[in-house]
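Below: one structure, written as structure tokens.
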Amino acid sequence: MPDNRKLQEEIAKLKKERDAVILVHNYQLPEVQDIADFLGDSLGLSREAAKTKAKVIVFCGVHFMAETANILAPEKTVLLPDPASGCPMADMISAKELRALKAKHPGHIVVAYVNSSAEVKAETDYCCTSGNALQVVEKLKNEKIIFVPDKYLGSWIAGRLNKEMVLWHGYCPTHAKILPAHIEKAKKEHPGAVVMAHPECRNDVWPLADEVCSTEGFLRYVKTSRVKEFIVATEPGMLYRLAKENPGKKFYPASAEASCPNMKKNTLEKVLWSLQDMANIVRVPEEIRLKAKKAIERMVMLV
Ligand code: 13P
Ligand code: SF4
């Protein structure tokens, strides 16, 4: 059993020597969340990557997030402690498939969820995250939208806006494990609890939720709510931060099964090794990077 505290101390020492910052997504392992210089959702982490003064960014998240950091901060060295931590949903659409979809629907504006590869972003007009997807699509003048790759996030937006939306058939296999029966069971067990769900959840889960929002949205909602108990329909890594920042409030996972195996690949040992060897650098080819950056910048300018 590795000694987490010892590893955390070694990482803190090496981090200074390398002039590194550690960015951590809300779904990472608790002991990895504890070494974060910045802990957040995809949107917050991209913003942090863009403004950091550090030379090295250790990205404890999944591959598309590290790519986004490199797209926004090309002069920094971005390390992904476990290079195999991909996102199955991001891999559900390729640039070639998106080009074919665009050819089928000329005149449509393409919005890509940030959970997509740099190549897909390069074929995209606007990016969005779960924290701003609704605002991005709402603000677009164009009424005809191609939305990729998440069919659930896409249909959540389509249900709230009067726009013609062509959806891709991607989805998050982790969130898809949360079923309405899980929410109903949790509600019976905790009758006073409020249900919060991520928009990556299936469309038969949202109607059972009191609030549908991004991971950072959960934190804002809990902090301003008078309620003391919450059923959380998302990756259970989120519960560690919710509980830590809200002592006195209780959190129950809608389903303990919905753990994202890729998010859990970045262990403390791998963080240390990547810093020691300056290994697992994520770099997007310049031509793709410049095109992908435009889609991210358009998002930032819009919302
Ligand atoms: P957010 O952090 O943007 O809510 O996204 C959740 C997610 O699934 C990231 O992979
Ligand atoms: Fe991808 Fe889902 Fe894992 Fe997020 S939780 S990284 S969307 S598979």
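Counting begins at 1 with the first residue of the sequence. Only this structure's heavy atoms are used, side chains among them; waters, hydrogens and symmetry mates stay out. One-based numbering, in listed order, for ligands and for the atoms of each.
Across P199 and C213, no two heavy atoms sit closer than the pair CD-O, 3.2 Å. Closest approach of K121 and I296 over heavy atoms only: CD-CD1, 4.3 Å. For P236 against S255, the heavy-atom pair with the smallest separation is CG-O, 4.3 Å. The two residues V205 and L179 come nearest to each other via the heavy atoms CG2-C, 4.0 Å. A pairwise comparison of heavy atoms in I178 and T234 identifies CD1-N, 3.6 Å as the closest pair.
Shown in contact with E200 at under 4.0 Å from a heavy atom are these atoms of ligand 2, numbered in order with element: 2 (Fe), 7 (S). Which parts of ligand 1 touch T215 is read off a 4.0 Å heavy-atom cut-off, strictly below it: atoms 1 (P), 2 (O), 4 (O). Near M263, meaning under 4.0 Å from one of its heavy atoms, ligand 1 places the atoms 10 (O). Per-residue contacts place S214 under 4.0 angstrom from the following atoms of ligand 1 (heavy atoms of the residue considered): 4 (O). Taking a cut-off of under 4.0 Å to the non-hydrogen atoms of E200, the atoms of ligand 1 that pass are 6 (C), 7 (C), 8 (O). Ligand-side atoms of ligand 2 in range of N115: 7 (S), range being under 4.0 angstrom from any heavy atom.
Residue pairs meeting the side chain to side chain donor-acceptor pair (under 3.5 Å) criterion with at least one partner in residues 280-303, sequence neighbours excluded, are E286-R289, K293-E297. Annotation: side chain to side chain donor-acceptor pair (under 3.5 Å) contacts involving residues 66-77, sequence neighbours excluded, are absent.
Members clustered with V148: I93, L98, L101, V110, V120, I146, V166, W168, by chain and number, using a 4.5 Å side-chain heavy-atom cutoff among hydrophobic residues.
Under a 4.0 Å heavy-atom criterion, N115 is in contact with ligand 1. Using 4.0 Å as the threshold, S130 has a heavy atom nearer than that to some atom of ligand 1.
Under a 3.5 Å cut-off, the side chain of R160 and the backbone N or O of W156 do form a donor-acceptor pair. Put simply, the side chain of E235 gets close to the backbone of C260: a donor and an acceptor are under 3.5 Å apart.
Taken from NZ in K264 to CG in N262, the straight-line distance is 11.0 Å, to the nearest 0.5 Å.
For the residue pair E200 / Y113, a side-chain donor-acceptor distance below 3.5 Å is found, with atom types taken as modelled.
Residue-level proximity to ligand 1 for D41 is carried by backbone and side chain together, each with a heavy atom below 4.0 angstrom. Contacts between L43 and ligand 1, counted as non-hydrogen atom pairs separated by less than 4.0 Å, are absent for every part of the residue.
With hydrogens left out, the protein atom closest to atom 2 (O) of ligand 1 is H25 NE2, 2.6 Å, a heavy atom.
For atom 4 (O) of ligand 1, the choice among M89, E235, M65, H198 with the nearest heavy atom turns out to be H198.
Counting only protein N, O or S atoms closer than 2.8 Å to atom 3 (Fe) of ligand 2 gives 1.
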